[in-house]
S.K.: 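One structure, as structure tokens, below. Some questions next.
Letters go in sequence order (proteins before strands), and every chain restarts at 1.
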2 protein chains.
Amino acid sequence: MDETEKLQTHRRGSGVSTVYETLRNEIIELKLPPGSPIDEQQLSDRFALSRTPIREALVRLAAEGLITTLTNRATIVSNIDFLGLPEFFDALTLMYRVTTRLAAANHAEGDIAAIRVEQKAFEAAVAERDVLGMISTNRDFHIAIARAGRNRYYVELFTRLLDEGRRILRLYYSSFNDILPRQYVGEHEEMIQAIIHRDVVLADSLASAHADQIVRQIRSYITADSRHNAGLVL
Amino acid sequence: MDETEKLQTHRRGSGVSTVYETLRNEIIELKLPPGSPIDEQQLSDRFALSRTPIREALVRLAAEGLITTLTNRATIVSNIDFLGLPEFFDALTLMYRVTTRLAAANHAEGDIAAIRVEQKAFEAAVAERDVLGMISTNRDFHIAIARAGRNRYYVELFTRLLDEGRRILRLYYSSFNDILPRQYVGEHEEMIQAIIHRDVVLADSLASAHADQIVRQIRSYITADSRHNAGLVL
DNA sequence: TGCCGACTTCTTGTCGACAAGAAAAATACA
DNA sequence: TGTATTTTTCTTGTCGACAAGAAGTCGGCA
């Protein structure tokens, strides 16, 4: 790998966020798969920075749970906790509901436009059968809704959950079928309408159904995969 | 102030968490009031550590939102965002409900005992009219319930919210009256019973009422205080 | 006297080097 | 030849020093 981003001398303080965001993306997109060792020296070379700012970025990632540091030993990309999946689904569903609800109640001028932009992007990804694009534009769509709900606590937790979901989905995206994404486009449209009409109850139930749908989908991928593995082992 | 904790030479890696936890407590207990400047050099002297581990602790605190760093200029203890209070109350109420609900559904062997321990501590604080003690034992009580609910995402968010609440309450605790805390003891007991009997619906409604009660209480403190200020200004 | 600009100072951001701890490798011994 | 122990090596953790950026200070000029 000869990807040196030691282009120009970074302005003071900018390097840290660059490293943070770059690594964050690479972790979420599984470019750095779970369990990958993170070597500070190596990153230091790659970004043409001292180990100190690298370390700062790593501390931030560790605070978010994206990397795990074995003290005095090694730091690795955090594993996906399949045992904790039920908790994950529960929290994800709740956030889907509560953010959509709040968006219906609190959205202001311009929020709808922002949501529509993301929805268009999602539609485009679906039209192009760009599965990776669907995953990330779907995330952006729901975060836009969360923002319209005007609650930073929910936005923050939801973002974390959706990004964790992106990691999981990347593991299984090959088995994406064609019908579901189109259905999601329709469901998204319904949610937008409910939000526009400030119909909190409808928004809630749509979000709830949407969340269940997605959870069921992920679950089916995982069980299908484990069955596949089981078949190989036996 | 002559509080040098440069006692013995720390073991490698332990210093960072010490600094982190110490500062965290001091911020939450308003020993470091909002807006206080955080000087790295000063902390370096105080803990007898280099600036590097101090910095790491500060990065962690910043990730949690407890301190704010003005780039290249200064880092201060984050202000309490009174404008964002409605969001805060909304999220707090939701977490009260959802954690109590889940505790009723998922609690296992030993969880009740752990909750009872915290409840006893709360009762003791109430009996001693130790207001600061009530605030922190109340937090511990609800976190124990959240843990029994077995969802780390909720535990984490709830912890953050309750600690943020501790900061707010510290600002107003002088106006604590005597009746409310005793009422809380009773409400806590009811919640424990509902959890034991795995009555999810009852647990939810009790938590909901409890949350409303607390939110109302905080609100009344704040409005009382702002009225006081308004009186002075006019 | 009031305002603009250079200078000083103070705090944060970055660096290169060293120390400690743990795994891996090498060695000694049974 | 297998195991225990020492040594090596590699990575993280810590340090002291330097650089950059911004606020405050001082002096000059209208």
Side-chain angles (χ1 to χ4, degrees), chain A residues 1 4-23 27 32 34-79, chain B residues 1 4-23 26-27 32-79:
Chain A
M1 261 190 263
T4 39
E5 28 244 273
K6 39 176 108 169
L7 302 162
Q8 76 290 329
T9 168
H10 310 276
R11 352 180 218 308
R12 190 182 174 79
S14 82
V16 188
S17 1
T18 309
V19 175
Y20 169 77
E21 280 158 27
T22 306
L23 289 181
I27 292 170
L32 291 173
S36 306
I38 305 268
D39 189 75
E40 294 177 5
Q41 193 89 312
Q42 194 176 311
L43 292 173
S44 176
D45 296 344
R46 174 174 165 198
F47 291 96
L49 283 169
S50 155
R51 269 181 55 224
T52 312
I54 302 286
R55 213 134 202 297
E56 187 169 324
L58 294 184
V59 170
R60 282 215 254 165
L61 290 168
E64 248 182 293
L66 287 172
I67 65 176
T68 307
T69 60
L70 293 316
T71 339
N72 271 327
R73 221 167 317 165
T75 86
I76 55 168
V77 177
S78 295
N79 284 65
Chain B
M1 257 192 261
T4 38
E5 27 245 270
K6 39 176 107 171
L7 303 162
Q8 75 288 331
T9 168
H10 310 275
R11 349 180 219 309
R12 190 182 175 79
S14 81
V16 189
S17 3
T18 310
V19 175
Y20 169 76
E21 279 158 28
T22 306
L23 289 182
E26 292 181 357
I27 291 171
L32 292 173
S36 305
I38 306 269
D39 188 76
E40 294 178 4
Q41 193 90 312
Q42 194 177 311
L43 291 172
S44 176
D45 296 344
R46 175 173 163 199
F47 291 97
L49 284 168
S50 156
R51 269 180 56 223
T52 312
I54 302 286
R55 212 134 203 298
E56 186 169 325
L58 294 185
V59 169
R60 282 215 255 165
L61 290 168
E64 249 183 292
L66 288 170
I67 66 176
T68 307
T69 60
L70 294 315
T71 338
N72 271 328
R73 221 169 316 165
T75 85
I76 57 169
V77 176
S78 295
N79 285 64

S.K.: Return the CD to OG1 distance between B:Glu40 and B:Thr52, rounded to the nearest 0.5 Å.
M.R.: 9.5 Å
S.K.: Pull out every residue in residues 36-44 of chain B that has a heavy atom closer than 4.0 Å to any atom of DNA chain D, ordered by number, or say none.
M.R.: none
S.K.: Do B:Leu58 and B:Leu23 pass the side chain to side chain contact (heavy atoms under 4.5 Å, CB included) test, and can you show the C-alpha distance, the side-chain angles, and the key distance before you say yes or no?
M.R.: CA-CA 9 Å; B:Leu58 294 185; B:Leu23 289 182; 3.9 Å; yes
S.K.: For A:Ile67 and D:dT12, give me the distance from atom CD1 to atom C1', rounded to whole Å.
M.R.: 12 Å
S.K.: As a test of understanding, state which of A:Asp45, A:Asp39, A:Val19, A:Val59 forms a side-chain contact (heavy atoms from CB on, under 4.5 Å) with A:Ile54.
M.R.: A:Val19
S.K.: Please enumerate all residues that pass side-chain contact (heavy atoms from CB on, under 4.5 Å) together with B:Thr18, with sequence neighbours excluded.
M.R.: B:Thr22
S.K.: I need the minimum non-hydrogen distance between B:Ala63 and A:Ala63, along with the two atoms involved.
M.R.: CB-CB, 4.1 Å
S.K.: Can you list every pair that meets salt bridge (Lys or Arg N to Asp or Glu O under 4.0 Å) and has a residue in residues 56-66 of chain B, with sequence neighbours left out?
M.R.: A:Arg55-B:Glu56, B:Arg24-B:Glu64
S.K.: Using a 4.0 Å heavy-atom cut-off, does A:Leu49 contact any base of the nucleic acid, only the sugar-phosphate backbone, or nothing at all?
M.R.: sugar-phosphate
S.K.: Provide the full list of salt bridge (Lys or Arg N to Asp or Glu O under 4.0 Å) pairs with a residue in residues 14-23 of chain A, sequence neighbours left out, each pair given once.
M.R.: none
S.K.: Measure from CG on A:Leu58 to P on D:dT11 and round the result to the nearest Å.
M.R.: 14 Å
S.K.: Please tabulate, for the side chains in residues 67-77 of chain A, all donor-acceptor contacts under 3.5 angstrom to protein atoms that are two or more places apart in sequence or on a different chain.
M.R.:
residue, atom, partner, partner atom, Å
A:Thr68, OG1, A:Ser78, OG, 2.7
A:Asn72, OD1, B:Arg12, NE, 2.7
A:Thr75, OG1, A:Ile38, O, 3.3

S.K.: Please tabulate the protein-to-nucleotide N/O contacts below 3.5 Å involving nucleotides 17-22 of chain C, giving atom names and distances.
M.R.:
residue, atom, partner, partner atom, Å
C:dA20, O4', B:Arg12, NH1, 3.1

